[in-house]
Undergrad: 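One structure coming up, written as structure tokens, with questions to follow.
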Amino acid sequence: MRTSTILATEGLSRRFPRVTALDRLTVTVGPGVTGLVGANGAGKSTLIKILLGLLEPSEGRAQVLGMDSGSQGAEIRRAVGYMPEHDCLPPDVSATDFVVHMARMSGLPRTAARERAADTLRHVGLYEERYRPIGGYSTGMKQRVKLAQALVHDPKVVFLDEPTNGLDPQGRDDMLGLIRRIGSEFGISVLVTSHLLGELERVCDHVIVIDGGRLLRSSAISEFTQATQSVTVEVEEGPEALAARLAELGETVTPQGRALAVLVRGPETYDAVRDAVCDLELSLIRLEQGRQRIEDVFRGSAADMTEPATAPGLAATTVRGDS
Amino acid sequence: MTATPAPGPTGVIHDIGYRHYDGPLLGRRQAFGALTGYSLRGVFGLGRPARAKIMPFMLAVIMLMPAALGIAIMALAKETFVGYTGYAVQMQVVLAIFVAAQSPYLVAPDLRFRVLPLYLSRPVTVRDYVGAKLAALITAMFLLLAIPLTVMYAGELLIDLPGAPRTSDYLASVTTALIHAVVLACIGLAIASFTPRRGLGVAAVIAFFLLTAATSTVVAAVLYELGSAGAGWALLINPFHMVDAVQVWLFGTPSSFADIPYPDGIGGPAAALGVIALIALSLAALTARYRKAASA
């Protein structure tokens with residue numbers, strides 16, 4: 001096992017009376033920002049609970065920072081920060097008091113806890129409002145407080161469970177920017193879960209996709225984006241004409257509802273789209289980088305199974321660093 | 001005036017970027033202490049909005065009133081009027097309201113707003129968590145009871161009545177105050193922890209104390225009229241009387257319930273056993289409750 005491994009699982013399974021949350025999951029995660037993608041109920045939160053040593057695996061092992069989650073849970077929890085998916089903030093306390101308290105629960109002495117709490121709240125972007133009770137905060141501000149309590153003791157790794165849940169597009173962008181900064185500027189490794197692959201694409205170095213507790217794919221982000229660089233084009237009227245014209249120009253076009261997804265071959269694809277829209281005198285409504293959705297990965301991996309030779313690094317046990 | 005050099009910019013905030021923490025990380029014991037202190041402040045509404053302070057401080061002032069009255073009578077009439085050993089039983093309604101109002105505060109929000117997982121994702125264990133909450137409530141109940149007793153004793157020493165001060169009574173009552181605090185805190189927290197809703201918790205705890213007090217008084221009175229020896233035993237249904245009976249047994253103080261005596265002989269040790277059983281039962285309920293809450 002490489003020394004730079006942040007966490008690793010080996011044949012990890014967790015069965016509940018009714019469902020199997022994790023099914024022989026073997027993954028390795030290195031430093032940086034790692035995305036954990038899966039639909040709701042795919043086993044993301046169960047994996048995090050096992051990694052924190054709060055849940056016993058039915059079989060298999062998990063390690064965080066070289067410590068075994070079964071026997072060294074307390075040491076892991078000392079070195080790790082955790083932001084749960086659900087609400088976890090009392091409404092009648094101010095953000096400052098709450099984060100100071102959580103810092104002390106992680107073992108920081110009183111003065112250090114105060115300093116760290118002030119620093120961390122500033123880093124996550126909470127200023128004057130941090131002295132007011134949390135009950136009056138917006139969802140975005142609450143997510144920041146949740147993030148601050150996970151960072152206040154300067155952990156080596158943070159587990160962020162659905163940090164963009166419930167945020168508006170602006171809030172999402174801010175949160176993703178923060179996650180990027182935690183990974184790069186703060187030097188804290190991040191494991192972030194989401195059911196949207198598209199948004200993780202923007203901040204992660206590496207993405208792990210799980211479904212039904214099983215590993216679907218684990219690879220560097222560049223492989224994901226390479227595979228499906230596409231641009232979504234939406235015009236007011238006449239998408240059929242545009243599709244025909246683009247096909248004529250040699251582009252691969254697939255209709256996506258009212259919009260068209262155009263496979264990007266290179267900069268010339270954008271020129272082709274521009275020229276085609278101008279020539280046909282269409283009103284362009286939207287031109288946007290294609291967002292890969294979780295379903296695309298499922299489709300992609302199903303295709304890979306039929307022609308494994310052409311799939312770049314998609315084998316189920318691919319680990320970070322092989323690429 | 002001579003020209004002074006222009007003052008440089010003051011109070012500039014520099015963004016110095018993210019700094020890592022390289023100071024010490026304390027152990028679980030310090031976290032336990034911090035959680036106890038935080039919870040104790042919460043019981044009295046300190047660090048909370050003003051309305052959270054009204055109830056605890058109002059009740060604390062009411063608890064002090066008999067002590068103030070006792071001092072006034074000692075000073076003016078030169079006689080002792082308010083006793084130490086019966087203080088808790090006479091003020092049982094106030095104590096019950098306090099424990100009912102404040103124990104849900106300690107446990108319910110963490111369950112309702114799901115703060116518990118944040119504690120458990122840290123080195124703090126479930127046992128630490130429950131222990132710290134109990135320690136905080138025991139301390140609060142003890143202060144609530146011991147401060148009036150101590151104020152009254154200080155008053156008695158200052159007024160310097162003829163005859164020896166009632167030091168042994170005072171010491172017995174303070175020791176019993178600790179037993180009262182442990183019993184009340186355990187019962188209150190155990191009942192309150194079963195619901196994440198504060199209002200329901202308050203109602204459940206107050207219902208417990210009302211029910212035991214009413215049952216104990218009615219049954220004891222009926223049995224007393226019938227001339228049954230069970231009357232004294234029936235008094236022990238009320239936890240306040242149970243602890244009082246332990247005080248009578250341990251320190252030989254007079255019973256706080258003048259009309260019906262506590263059962264003698266085996267009655268004292270039995271009351272002590274009852275107190276221990278009540279504490280054990282509450283702790284078992286708390287443990288079971290939090291084992292379930294932690295895995296949720």
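Small disclaimer: the values here were computed from a predicted structure and weren't measured. Throughout, protein chains are lettered first and strands after them, A, B, ... in sequence-line order, and every chain is numbered starting at 1.
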Undergrad: Yes or no on side chain to side chain donor-acceptor pair (under 3.5 Å) for Tyr21(B) and Asp119(A), after CA distance, side-chain angles and deciding distance?
TA: CA-CA 11 Å; Tyr21(B) 174 70; Asp119(A) 265 15; over 6 Å; no
Undergrad: Would you please test Leu25(B) and Leu108(A) for side-chain contact (heavy atoms from CB on, under 4.5 Å) and show each step?
TA: CA-CA 5 Å; Leu25(B) 276 182; Leu108(A) 266 67; 3.3 Å; yes
Undergrad: Going from OG on Ser121(B) to CG on Leu51(A), what distance comes out if it is rounded to the nearest 0.5 angstrom?
TA: 13.0 Å
Undergrad: Does atom CZ of Arg15(A) have more than 12 heavy-atom neighbours from other groups under 6.0 Å away?
TA: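 Yes, enclosed.
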Undergrad: Between Tyr129(B) and chain A, with a heavy-atom cut-off of 4.5 Å, which part of the residue counts as in contact: side chain, backbone, both or neither?
TA: neither
Undergrad: Does Asp87(A) come within less than 4.0 Å of Arg114(B), counting only side-chain N to carboxylate O?
TA: no
Undergrad: Work out which heavy atom in Pro24(B) is nearest to a heavy atom in Pro109(A); give both atom names and the distance.
TA: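 Scanning both residues, the minimum pair turns out to be O-CD, 3.5 Å.
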Undergrad: Measure Arg78(A) against the heavy atoms of chain B and call it side chain, backbone, both or neither at under 4.5 Å.
TA: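 Backbone plus side chain of Arg78(A), per the 4.5 Å heavy-atom cut-off to chain B.
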Undergrad: Under 6.0 Å between the ring centres of Tyr119(B) and His101(A)?
TA: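 Yes, close enough.
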Undergrad: Do the side chain of His153(A) and the main chain of Arg122(B) share a donor and acceptor less than 3.5 angstrom apart?
TA: no
Undergrad: Step by step, would you call Asp92(A) with Phe113(B) a side-chain contact (heavy atoms from CB on, under 4.5 Å)?
TA: CA-CA 11 Å; Asp92(A) 61 342; Phe113(B) 301 108; over 6 Å; no
Undergrad: Who pairs with Phe240(B) by ring pair (Phe, Tyr, Trp, His ring centres under 6.0 Å), at least two apart in sequence or on another chain?
TA: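 By the ring pair (Phe, Tyr, Trp, His ring centres under 6.0 Å) rule, Phe240(B) matches His180(B), Phe209(B).
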Undergrad: Between Leu52(A) and chain B, with a heavy-atom cut-off of 4.5 Å, which part of the residue counts as in contact: side chain, backbone, both or neither?
TA: side chain
Undergrad: Looking at Leu118(B), Val124(B), Val115(B), Leu116(B), which has the largest count of heavy-atom pairs under 4.5 Å with chain A?
TA: Leu118(B)
Undergrad: Is it the side chain or the backbone of Val100(A) that comes within 4.5 Å of chain B heavy atoms, both, or neither?
TA: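 Contact with chain B is absent: no heavy atom of Val100(A) under 4.5 Å.
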Undergrad: With a 4.5 angstrom heavy-atom cut-off, is it the side chain or the backbone of Ile134(A) that approaches chain B, or both, or neither?
TA: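 No part of Ile134(A) comes within 4.5 Å of chain B.
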Undergrad: Say whether Asp154(A) and Tyr18(B), considering side chains only, have a donor N or O and an acceptor N or O under 3.5 Å apart.
TA: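 A donor-acceptor contact under 3.5 Å links the two side chains.
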Undergrad: So for Pro123(B), is it side chain, backbone, both, or neither that comes closer than 4.5 Å to the heavy atoms of chain A?
TA: both
Undergrad: Determine the option with the most heavy-atom pairs under 4.5 angstrom with chain B, choosing from Glu115(A), Arg104(A), Gln149(A).
TA: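 Result: the option with the highest number of such pairs is Gln149(A).
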Undergrad: Should we say atom CZ of Arg41(B) is surrounded by more than 12 heavy atoms from elsewhere, each under 6.0 Å from it?
TA: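 No, not enclosed.
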Undergrad: For the interface with chain B, which of Gly81(A), Pro91(A), Ser94(A), Gly53(A) has the highest count of heavy-atom pairs at distances below 4.5 Å?
TA: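 Top count of heavy-atom pairs under 4.5 Å with chain B: Pro91(A).
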Undergrad: Report the C-alpha separation of Arg28(B) and Met105(A) in whole Å, then their side-chain angles, then the decisive distance to 0.1 Å, and conclude whether the side-chain contact (heavy atoms from CB on, under 4.5 Å) test is met.
TA: CA-CA 8 Å; Arg28(B) 267 172 59 196; Met105(A) 290 303 100; over 6 Å; no
Undergrad: If every non-hydrogen atom of Leu54(A) is compared with every non-hydrogen atom of Leu120(B), which pair is closest and at what distance?
TA: CD2-O, 3.2 Å
Undergrad: I need the residue from Pro90(A), Ser106(A), Ala74(A) with the largest number of non-hydrogen atom pairs under 4.5 Å to chain B.
TA: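 Winner by heavy-atom pair count: Ser106(A).
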Undergrad: Assess whether atom CD of Glu56(A) is packed by more than 12 heavy atoms of other residues, nucleotides or ligands within 6.0 Å.
TA: no
Undergrad: Are there over 12 heavy-atom neighbours, none belonging to Arg289(B), within less than 6.0 Å of that residue's CZ?
TA: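 Correct, the count exceeds 12.
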Undergrad: With chain A, which of Gln30(B), Arg112(B), Arg48(B) has the greatest number of heavy-atom pairs at distances under 4.5 Å?
TA: Arg48(B)
Undergrad: Pick one of side chain, backbone, both or neither for Ile188(A), based on which atoms fall under 4.5 Å of a heavy atom in chain B.
TA: side chain
